[in-house]
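Note that the coordinates shown come from a computational prediction; the quantities given were computed from them, not determined experimentally.
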Amino acid sequence: MNYFSALVEQSLSRAKESTLSVLGITNPKLREHLQVQMQGKCGDEGSFLASPLFEHTFGWTQAEPEMKDLVDDKLLSSKVMSSLDKAKVTNNKGKVVENKYQFKSEYHPYTHQLASWETLLGEDVKSVVVTSGTGSGKTECFMVPVLEDLYREQQRKQEKLSGIRAIFLYPLNALINSQRERLHAWTEDFGGDIRFCLYNGNTENSEIKVRAKQSQVPNEILSRELMRREPAPILVTNGTMLEYMLVRNVDAPIINKSKAEQSLRWIILDEAHTYVGSQAAELSMQLRRVLQAFGVEAKNVRFVATSATIADEDAEAQLQNFLAELAGVSPNQVVVIGGKRAIPQLSFNIKNTLSLAQILAIEANKPDKAKDFDPDVSTKRFEALCQSEVAKTIRNKFVQSDKPIKLTDLVEYLQGRFPHDDFDQALVLKWVDLLTGTKSDNSSQAFLKVRAHFFQRMLNGLWSCIDPNCPTKDSTVLKDHWPFGNVYVAQRSRCDCTALVCEVGFCNDCNEPHLLAVEKNHAIAQRETNVSDEFPPVSG
């Protein structure tokens, strides 16, 4: 039960050891001094870790109907539902494997997913901004209705769809490639009738080179030549490749064959929060060129923008206007849909009789079978937390905050409410470990569910006070073992003793330290103050 505590300790220790090893510092006292600074508390000057950010990760609010009920309500087709519910799929090597993207018919979709499907599959053409946290199923918000829409068209025409209907626009190739398995799993049942193409710099140009592999995956177009001859209805690409497609003569067949049917009706902007400033302006102009090239009007296209940024009520209008201006549609045509956390309500009976150590000592439940043992499951420990004022305060602080919380801020918050307890970072991390590592039973969530964001700083050099008699050095191990003043791992212009601070350099031959400085009054010249055995004072 030392997950976050151990993670912080290991991160600091490994960063410290690797950095000192790379620096190759031979002075034992300097190494000791740097070790103290580098392994300081998170957020302290010299520490390799900034203050971690914590945010709670309780599940998202689920809708009442199950997925199979949506088939009965005619929102989804039974064929689309079965393609989502497949337990096994064939990978690109022809091997049958588990479908890790299975969306079971017994699942209750999240409320923001259902709201997105109902909006995007409605008779009126609407665009949607989906704002919800990481892991909340934002991809399903647009991919399910796109598949449903394409399947309905394919059923009406009773033929293979050719020509781009949906453009999935991603800012990074890594995000493009991450969709291959999901798209393959969900379109496999449609054979070659509903196809997709990942179109980026890695897409093979020659159809001949991928002919053998292409025969195994009729639902994915693997070459640019085939894409030009029979454009896939789903195009997954980035802004650069989309621009090439608009201007290159060799890609003209893709545009022309799609324009002939005026088939484009979906544009998906995933990770929309990455488009800011000039990037947003460039994207807006590009989207207008896309619409013109495909011969469609913005009002007839469903735009979907997703973002992991959670929007409050005040930000809804801003997001609405953001997509409207980006896509060139009326704000009235844009709907903002946000995900909401489903936070379990606990019954607190505050007695505050047990300390942290006493609660930690409470044993886990003993299951009937040894293989079912889970050290996190402890009914008595969970009940003890429900009686603890500290546990209640920490949990409420997380669930009532709509933003991540810094570890340093949490420490300060608890110190103010429990002045008699010595809350430092180590103690707070132990409490977080305890709260996140305690469940009342196997089927319940932990007392608190959080994730942490760690930020590790890089060491850009060493800096030292130029005064060998620096009083700040007297309280460190450098006092009688270092020729200059106090040493710092973060750049600064003045020491705490007010003397100048210069960068520390080391001789390539003997590894002796010296200070680097530049004279600015007259001619620019670099000064290097070398160290002798007698440790003379630094000269001007």
Subject >> Q320 (side chain) donor-acceptor with V334 (main chain) under 3.5 angstrom >> reply: yes

Original post:
So how far is it from K397 NZ to S401 OG, rounded to the nearest 0.5 Å?
Top reply: 6.0 Å

**OP:** Would you check if there is a donor-acceptor pair between the side chains of S215 and R211 at a distance under 3.5 Å?
**Re:** no

Original post:
Do the side chain of Q214 and the main chain of L222 share a donor and acceptor less than 3.5 angstrom apart?
Top reply: yes

**OP:** Kindly indicate, with the supporting measurements, whether the criterion side-chain hydrogen bond (donor to acceptor under 3.5 Å, both in side chains) is fulfilled by E188 and T90.
**Re:** CA-CA 8 Å; E188 184 182 30; T90 304; 3.2 Å; yes

Subject >> Ring-face cation of K79 near Y151 (centre distance under 6.0 Å, axis angle within 45°) >> reply: no

**OP:** Carefully, step by step, assess R265 and E153 under the rule salt bridge (Lys or Arg N to Asp or Glu O under 4.0 Å).
**Re:** CA-CA 12 Å; R265 55 181 180 269; E153 181 188 4; 2.5 Å; yes

Original post:
Quick one: CG on L246 to CD1 on I254, what's the gap to the nearest 0.5 Å?
Top reply: 10.5 Å

Original post:
Side chain of T203, backbone of N200: donor and acceptor closer than 3.5 Å?
Top reply: yes

Original post:
Roughly how far, to the nearest 0.5 Å, is SG of C197 from CZ of R180?
Top reply: 9.0 Å

**OP:** Assess whether atom NZ of K86 is packed by more than 12 heavy atoms of other residues, nucleotides or ligands within 6.0 Å.
**Re:** yes

Side chains of residues 117-124: which donor-acceptor pairs under 3.5 Å do they make with residues two or more places apart or in other chains?
unit_1, atom_1, unit_2, atom_2, d
W117, NE1, E140, O, 2.9
T119, OG1, A115, O, 2.8

Original post:
What residues form a side chain to side chain donor-acceptor pair (under 3.5 Å) with D270, not counting sequence neighbours?
Top reply: T306

Original post:
Between F58 and H56, how do the two ring planes meet: parallel, tilted or perpendicular, split at 30° and 60°?
Top reply: tilted

**OP:** State, yes or no, whether a side-chain contact exists between W266 and I234 at a heavy-atom distance under 4.5 Å.
**Re:** no

Original post:
Of the non-hydrogen atoms in A298 and A327, which two are nearest, and what is the gap between them?
Top reply: CB-O, 3.6 Å

Original post:
Are D149 and R302 ion-paired here, with the side-chain N under 4.0 Å from a carboxylate O?
Top reply: no

Subject >> Plane angle bin for F447 and F348 - parallel if under 30°, tilted between 30 and 60°, otherwise perpendicular >> reply: perpendicular

Original post:
Of L410, L53, V450, which is the lone residue that meets side-chain contact (heavy atoms from CB on, under 4.5 Å) with I405?
Top reply: L410

**OP:** Report yes if some heavy atom in the side chain of V128 is under 4.5 Å from a heavy atom in the side chain of C141; otherwise report no.
**Re:** no

Subject >> Approximate separation, where rounding is to 0.5 Å, of I167 CD1 and Y199 OH >> reply: 12.5 Å

Subject >> Lys/Arg-Asp/Glu bridge criterion (N-O < 4.0 Å) met for E220, R195 >> reply: no

Original post:
Can you tell if the side chain of R451 reaches within under 4.5 Å of the side chain of E55, non-hydrogen atoms only?
Top reply: yes

Subject >> Close side-chain approach of L269 and L287, heavy atoms under 4.5 Å >> reply: yes

**OP:** Carefully, step by step, assess E66 and K68 under the rule salt bridge (Lys or Arg N to Asp or Glu O under 4.0 Å).
**Re:** CA-CA 5 Å; E66 296 180 348; K68 59 186 177 184; 3.4 Å; yes

**OP:** Going by the side-chain contact (heavy atoms from CB on, under 4.5 Å) test, name the single residue among V304, I337, V130, T131 that passes it with K138.
**Re:** V130

Subject >> Beyond-backbone contact of V329 with V125, side-chain heavy atoms, under 4.5 angstrom >> reply: no

Subject >> Nearest heavy-atom neighbours spanning P109 and L70 >> reply: CG-CD1, 4.5 Å

Subject >> Interatomic distance, L150 atom CG to F190 atom CZ [nearest 0.5 angstrom] >> reply: 9.0 Å

**OP:** Would you mind telling me which of R229, R228, R224 makes a side chain to side chain donor-acceptor pair (under 3.5 Å) with E207?
**Re:** R229

Subject >> F54: partners by ring pair (Phe, Tyr, Trp, His ring centres under 6.0 Å), with sequence neighbours left out >> reply: F4

Subject >> Which atom of L183 lies closest to which atom of M143, heavy atoms considered >> reply: CD2-SD, 3.8 Å

**OP:** Compare every heavy atom of S47 with every heavy atom of C42, then report the nearest pair and how far apart it is.
**Re:** CA-OG, 4.0 Å

